[in-house]
Amino acid sequence: MAGALCVTLLLLLSTNTVSGRKTWRRRGQQIVPSGRERSEGGDESFPLDFTAVEGNMDNFMAQIKSLAQSLYPCSAQRLDDEMKLHILHNKSVTCNDGSSAGYYLKESKGSRRWLVFLEGGWYCISHENCDLRYDTMRRLMSSKAWPPAKTASGILSTQPEENPHWWNANMVFIPYCSSDVWSGASPKTEKSGYAFMGSLIIQEVVKELLGKGLDAAKVLLLAGSSAGGTGVLLNVDLVADLLEELGYPGIQVRGLSDSGWFLDNKQYRRTDCTDIITCAPTEAIQRGIRYWSSMVPERCKQQFKEGEEWNCFFGYKIYPTLRSPVFVVQWLFDEAQLTVDNVHLSGQPVQESQWLYIQNLGRELRNTLKDVGASFAPACLAHEVITRRF
């Protein structure tokens, strides 16, 4: 019975699309076939009357969705939102503590679009603050407690109402467990105490996905938020180069960087670099890039003197060197930027000097985006957006 209903529904829905020539007809309108259609003689017009649902399309689509879900037994795909955990086969590519890295995947059979998302979550730049991070945010340094499945929202949602453009793509979520802004390429050593393999994790995930359908992809969108957004800028060309080297030059690699476009500006109040919160962005990255043994894209690296590769962690400096198209999403008054600039808005009245600093920050950030081909930069105080349900 369910199979018969499925066939009936598919026939009804396909009458508008067969051979690209079926046409909706409102009540009272006549459809006159073209000369080519008349000469072929094999096509029949199936006009559909949508007058009854005009003005109430949301309710109509809700009923269609309910009907589709009721026919689940004849569907080849599950209608759940869960992404399943896959631990990397290459056990040498690890999280900070040496546990195996991995990724969450929800396949969409038939889709040639892949969305690979890099999680954010700050970083650590010394043995001491990595120890503190391990004690307080172990999930961001180890895979040992990762759940076997997870659901996602925003651009990773499989609900068309929430994610109208990407809901039916193949979804990949790579948990952040390297604490290196997705840039490291060094295994765990006695000296560092931790592994920093963020860039290698991305490359290894891409290699595994080729065996799960990525080899037939048309588009791979590398997206990320916060540290993951910076990770997109650092890795989008590396991913494109990797796919080309492996024999897949036809896959279009694109980037979506959310809240990862930071400025190397002067802090509101200068403080000693005792932790990642008080440390100025330039000093934090300079320390981190040495501690992580970071991989920096060659085209960006060539723009700076030896020892100044840290510049490539700042969006407006690496963007001109990228070959892959990147869409930049960045709040003009980013909360993480204000935090590292020592502007702390904790409910207290904003001082005039703080207000002037914040306004100037917005102007500076907007100026760095003037040569970016595609960007969305609202004048709001926030951090991250693309995985939000709204």
Side-chain angles (χ1 to χ4, degrees), residues 88 90 93 101 103 105 107-108 111-120 155-156 165-166 169-174 176 178 180-185 197-258 260-261 289 292 294-304 309 311-330 371-375 386:
L88 289 177
N90 186 347
V93 179
Y103 58 97
L105 168 65
E107 297 179 67
S108 181
S111 174
R112 297 180 63 196
R113 299 191 305 159
W114 287 72
L115 195 159
V116 178
F117 182 85
L118 309 180
E119 186 183 22
I155 201 169
L156 291 170
H165 302 294
W166 286 89
N170 296 278
M171 303 290 189
V172 182
F173 178 95
I174 312 182
Y176 184 38
S178 56
D180 56 3
V181 199
W182 297 97
S183 69
M197 310 185 81
S199 186
L200 297 183
I201 291 172
I202 296 171
Q203 295 177 51
E204 201 63 33
V205 170
V206 169
K207 290 177 185 177
E208 284 203 10
L209 292 176
L210 287 170
K212 297 181 181 295
L214 180 63
D215 58 326
K218 181 179 179 181
V219 175
L220 187 158
L221 178 64
L222 184 66
S225 294
S226 194
T230 306
V232 168
L233 299 171
L234 291 169
N235 288 279
V236 65
D237 276 354
L238 292 175
V239 169
D241 291 342
L242 173 64
L243 288 172
E244 189 170 346
E245 290 169 8
L246 294 174
Y248 302 96
I251 301 176
Q252 302 171 29
V253 178
R254 300 172 180 176
L256 173 57
S257 175
D258 168 28
W261 187 277
I289 198 171
W292 307 325
S294 294
M295 292 178 64
V296 174
E298 192 62 32
R299 283 167 60 87
C300 184
K301 187 177 181 180
Q302 292 173 359
Q303 304 299 311
F304 302 99
E309 296 89 351
N311 284 281
C312 296
F313 281 72
F314 296 95
Y316 74 99
K317 294 183 177 180
I318 190 174
Y319 180 85
T321 72
L322 298 179
R323 291 178 294 177
S324 303
V326 176
F327 193 104
V328 177
V329 178
Q330 185 69 40
D371 294 323
V372 175
S375 64
I386 64 173

J.: Return the CD1 to CG distance between Ile318 and Asn311, rounded to the nearest 0.5 Å.
T.: 10.5 Å

J.: Once ring-ring contact (aromatic ring centres under 6.0 Å, His included) is applied, do any residues pair with Phe314, and if so which ones, sequence neighbours excluded?
T.: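 In terms of ring-ring contact (aromatic ring centres under 6.0 Å, His included), with neighbours along the sequence ignored, Phe314 is linked to no residue.
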
J.: Decide yes or no for Pro297 and Thr321: does some side-chain heavy atom of the first lie under 4.5 Å from some side-chain heavy atom of the second?
T.: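 No, side chains not in contact.
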
J.: Please name all residues satisfying side chain to side chain contact (heavy atoms under 4.5 Å, CB included) with Glu298, sequence neighbours left out, ordered by chain then number.
T.: Lys301, Gln302

J.: Among all residues two or more places apart in sequence or in another chain, which pass the ring-ring contact (aromatic ring centres under 6.0 Å, His included) test with Phe117?
T.: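 So Phe117 forms a ring-ring contact (aromatic ring centres under 6.0 Å, His included) with Phe173.
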
J.: Once side chain to side chain donor-acceptor pair (under 3.5 Å) is applied, do any residues pair with Tyr316, and if so which ones, sequence neighbours excluded?
T.: Asp264

J.: Passes side-chain contact (heavy atoms from CB on, under 4.5 Å), Met295 versus Leu200? Steps please.
T.: CA-CA 9 Å; Met295 292 178 64; Leu200 297 183; 4.2 Å; yes

J.: With rounding to the nearest 0.5 Å, note down the distance linking CD in Glu119 to OG in Ser178.
T.: 10.0 Å

J.: Could you list the residues that satisfy side chain to side chain contact (heavy atoms under 4.5 Å, CB included) with Ser294, not counting sequence neighbours?
T.: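 For Ser294, the residues satisfying side chain to side chain contact (heavy atoms under 4.5 Å, CB included) (neighbours in sequence not counted) are Ser183, Ile289, Trp292, Phe313.
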
J.: With rounding to the nearest 0.5 Å, note down the distance linking CD1 in Ile251 to CD in Glu244.
T.: 11.0 Å

J.: Can you name the side chain to side chain donor-acceptor pair (under 3.5 Å) partners of Trp114, sequence neighbours left out?
T.: none

J.: Using atom types as modelled, flag every donor-acceptor pair under 3.5 Å from a side chain in residues 230-239 to any protein atom, sequence neighbours excluded.
T.:
{"unit_1": "Thr230", "atom_1": "OG1", "unit_2": "Gly260", "atom_2": "O", "d": "2.8"}
{"unit_1": "Asn235", "atom_1": "OD1", "unit_2": "Ser199", "atom_2": "OG", "d": "2.9"}
{"unit_1": "Asn235", "atom_1": "ND2", "unit_2": "Trp182", "atom_2": "O", "d": "2.9"}
{"unit_1": "Asn235", "atom_1": "ND2", "unit_2": "Gly231", "atom_2": "O", "d": "2.9"}
{"unit_1": "Asp237", "atom_1": "OD1", "unit_2": "Arg323", "atom_2": "N", "d": "3.4"}
{"unit_1": "Asp237", "atom_1": "OD1", "unit_2": "Ser324", "atom_2": "N", "d": "3.0"}
{"unit_1": "Asp237", "atom_1": "OD1", "unit_2": "Ser324", "atom_2": "OG", "d": "2.7"}
{"unit_1": "Asp237", "atom_1": "OD2", "unit_2": "Arg323", "atom_2": "N", "d": "2.9"}

J.: Report yes if some heavy atom in the side chain of Asn170 is under 4.5 Å from a heavy atom in the side chain of Val172; otherwise report no.
T.: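 They are not in side-chain contact.
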
J.: Return yes if some donor-acceptor pair links the side-chain N/O of Tyr248 with the main-chain N/O of Leu242 below 3.5 Å, else return no.
T.: no

J.: Not counting sequence neighbours, which residues clear side chain to side chain donor-acceptor pair (under 3.5 Å) with Gln252? List them please.
T.: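 Only Arg254 meet the side chain to side chain donor-acceptor pair (under 3.5 Å) criterion with Gln252.
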
J.: So how far is it from Leu115 CG to Ile155 CD1, rounded to the nearest 0.5 Å?
T.: 5.0 Å

J.: Kindly give the heavy-atom pair with the smallest separation between Gln330 and Trp261, and that separation in Å.
T.: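 What the structure gives for the nearest pair is OE1-N, 2.9 Å.
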
J.: Looking only at heavy atoms, what is the nearest atom pair of Ala169 and Ser108, with distance?
T.: O-CB, 3.6 Å

J.: Can you list everything that forms a salt bridge (charged side-chain N to carboxylate O under 4.0 Å, His left out) with Glu309? Sequence neighbours excluded, please.
T.: none

J.: Can you give me every donor-acceptor pair (side chain of residues 204-225, partner residue at least two apart or in another chain, under 3.5 Å) with its distance?
T.:
{"unit_1": "Glu208", "atom_1": "OE1", "unit_2": "Tyr103", "atom_2": "OH", "d": "3.1"}
{"unit_1": "Glu208", "atom_1": "OE2", "unit_2": "His89", "atom_2": "N", "d": "2.6"}
{"unit_1": "Ser225", "atom_1": "OG", "unit_2": "Asp258", "atom_2": "OD2", "d": "2.7"}

